[in-house]
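Heads up: the structure comes next, in structure tokens.
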Amino acid sequence: MCSTITGLTYCDLEATTRRNQQIGRNTRSSGGGSFPTQSLAVFAPLIMSGNNSIEYYLSPRRRLDTLFAVHSTFSVLIGAIGFLFPSTASAFFLTENDREFRVARAILRPYCSLVLAQGFIIHRARKINDGEIKRAFVQAYFVCFLLSTMSLINEHVANTGVVSGKLLGVVKILAMIALTAGYGWFTFFQPPSVFSGLGTVRTHYH
């Protein structure tokens, strides 16, 4: 039996190794230098597999699904952390006393619940085949992230002492801009055919 690794079988790897070893022997017998062909035979399929995976997830019929996957993963993660550990919000927002912290916590937990829930929604939406429904998701998230980005930038520019302008604050804004650009690109520059049948393509794409 041949075990499988990165889409290839060990039999394939062994055959490639034997072939490259023969090439190496022929090279040395003809005066060529020594070359680690056995190592190349083992690692080359792994490198090729990684490149193929990146190309697969960024292919025209997979880009939207990849955006949904990244968005849903971070939404679930951030929503869960914010709900369970509301004090982590201090990395983004500044509070001066205990009362302000309790007010922020009372607002943050319901908000993180929504972020967590929409992460599950967008994850399940990846399996929807109806292109119009997917397009509605994309347009709604474009508006959502555009307005959110504008409001955050406005708060940082106003510098009223509410939001933190440190490293995590900058990362937060950059992430919002990236999501706005991603959903905006699908909203304005992608044809309707891109949104159709992605649920089927996920399991039958070649």
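The structure displayed is predicted, hence computed values, not measured ones.
Going from atom CD1 of I128 over to atom CD1 of I122 covers 8.5 Å, rounded to the nearest 0.5 Å. Interatomic distance, CD1 of I173 versus CD1 of I153, reported as 5.5 Å (0.5 Å rounding). Taking NE2 of H156 as the reference point, atom CG of N154 lies at 10.5 Å (rounded to 0.5 Å). One distance of note links CZ of R135 with CG of L64; it measures 11.5 Å at 0.5 Å rounding. Distance check, rounded to the nearest 0.5 Å: CZ of F137 to CG of D130 gives 11.0 Å. For the atom pair T187 OG1 and L146 CG, the distance stands at 10.0 Å (nearest 0.5 Å).
In terms of heavy atoms, A106 sits closest to P110 at O-CD, 3.0 Å. For C112 against G82, the heavy-atom pair with the smallest separation is SG-CA, 3.5 Å.
A donor-acceptor pair under 3.5 Å links the side-chain atoms of R109 to the main chain of F83, judged by distance alone. Judged purely by atom type and a 3.5 angstrom limit, K134 has no side-chain atom pairing as donor or acceptor with the backbone of N129.
No side-chain heavy atom of Q139 sits less than 4.5 Å from a side-chain heavy atom of F186. R62 places a side-chain heavy atom less than 4.5 Å from the side chain of D65.
In this structure, R126 fails the cation-pi test against F68, since its NZ or CZ atom is not both closer than 6.0 Å to the six-membered ring centre and inside 45 degrees of the ring normal.
By the criterion of side-chain heavy atoms lying less than 4.5 angstrom apart, applied directly or through intervening Ile, Leu, Val, Met, Phe, Trp or Tyr residues, Y111 is not grouped with L84; the two fall into different hydrophobic clusters. Note on L108 and I81: separate hydrophobic clusters, where clusters join Ile, Leu, Val, Met, Phe, Trp and Tyr whose side-chain heavy atoms are under 4.5 Å apart, directly or indirectly. By the criterion of side-chain heavy atoms lying less than 4.5 angstrom apart, applied directly or through intervening Ile, Leu, Val, Met, Phe, Trp or Tyr residues, L116 is not grouped with M176; the two fall into different hydrophobic clusters. Hydrophobic cluster membership differs between Y183 and V70, with clusters built from Ile, Leu, Val, Met, Phe, Trp and Tyr side chains linked at under 4.5 angstrom. F145 is connected to V143 through a chain of hydrophobic side-chain contacts under 4.5 Å among Ile, Leu, Val, Met, Phe, Trp and Tyr, so both are in one cluster.
Taking a 4.5 Å side-chain heavy-atom cut-off between Ile, Leu, Val, Met, Phe, Trp and Tyr, the cluster of V103 extends to I107.
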Derivation of the side chain to side chain contact (heavy atoms under 4.5 Å, CB included) call for E100 and N97: CA-CA 6 Å; E100 288 186 358; N97 52 56; 3.4 Å; yes
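Under 3.5 Å, the side chains of Y141 and H71 contain no donor-acceptor pair of N or O atoms. Of the N and O atoms on the side chains of S75 and Q118, at least one donor lies less than 3.5 Å from an acceptor on the other residue.
Remark: F142 pairs with F188 by the ring-ring contact (aromatic ring centres under 6.0 Å, His included) rule, at least two apart or across chains.
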